[in-house]
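See below for the structure under consideration.
FYI, the numbering just counts along the sequence from 1. Computed from heavy atoms alone, side chains included, the values below leave out hydrogens, waters and symmetry copies.
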Amino acid sequence: MRDENQDLRECLRLLQKEIMDIVNFKQEMFGKRFKAEYGSGREVGQETQEALTHKIELIRDELFNANFEENGRELVQKFRLNFQRLKEFMQTIDKEVASLAIFN
């Protein structure tokens, strides 16, 4: 059982890393497209900057290392909330990308 829990912990850590990799990729992609349209001298506006900010909560290592029988529900809830936040972030950033005229 201990090895299975360790495998699950590692899987969840990897899942969290993958979520953040997706966020970073989308932010970088927008930045490159923005620079292609406006040049590197123009800064992203405050409203757009806020849209590019994610609300995904990084899960503390202590929670990954805690007893799953006691804290499993909290961990699942945090992932559920993070997936909802990821979806919202993806929709928002896709709208921002679509607003760039160079790609329309």
(message) Using side-chain heavy atoms (C-beta onward) and a distance below 4.5 Å, is Ile93 in contact with His54?
(response) no
(request) Working to the nearest 0.5 Å, report the span between CD of Glu50 and CD of Glu96. (result) 10.5 Å
(message) Quick test of your reading of the model: are Arg85 and Glu88 salt-bridged, counting only N-O distances below 4.0 Å?
(response) no
(message) With a 4.5 Å cut-off on side-chain heavy atoms, are Phe79 and Val76 touching?
(response) no
(message) Within the structure provided, determine whether Phe34 and Thr48 are in side-chain contact (heavy-atom separation under 4.5 Å).
(response) no
(request) Could you tell me which non-hydrogen atom of Lys26 sits nearest to which non-hydrogen atom of Phe89, and how far apart they are? (result) CB-CE2, 4.0 Å
(request) With sequence neighbours left out, write down each residue that passes side-chain hydrogen bond (donor to acceptor under 3.5 Å, both in side chains) with Glu70, or none if nothing qualifies. (result) none
(message) Show the nearest heavy-atom pair for residues Ile59 and Phe64, with the distance to one decimal.
(response) O-CE1, 3.7 Å
(request) Working to the nearest 0.5 Å, report the span between CG of Leu100 and CZ of Arg33. (result) 8.0 Å
(message) Using 0.5 Å steps for rounding, measure from the CG atom of Asn71 to the CG atom of Asn67.
(response) 7.0 Å
(message) Checking Leu58 now: which residues fulfil side-chain contact (heavy atoms from CB on, under 4.5 Å) with it, not counting sequence neighbours?
(response) Gln16, Met20
(request) Identify the two heavy atoms, one from Leu52 and one from Gln27, that lie closest to each other, and give their separation to 0.1 Å. (result) O-NE2, 2.7 Å
(request) Go through the structure and list residues passing side-chain contact (heavy atoms from CB on, under 4.5 Å) with Thr53, not counting sequence neighbours. (result) none
(request) State plainly whether one hydrophobic cluster holds both Leu86 and Leu15, where clusters connect Ile, Leu, Val, Met, Phe, Trp and Tyr through side-chain heavy atoms under 4.5 angstrom apart. (result) yes
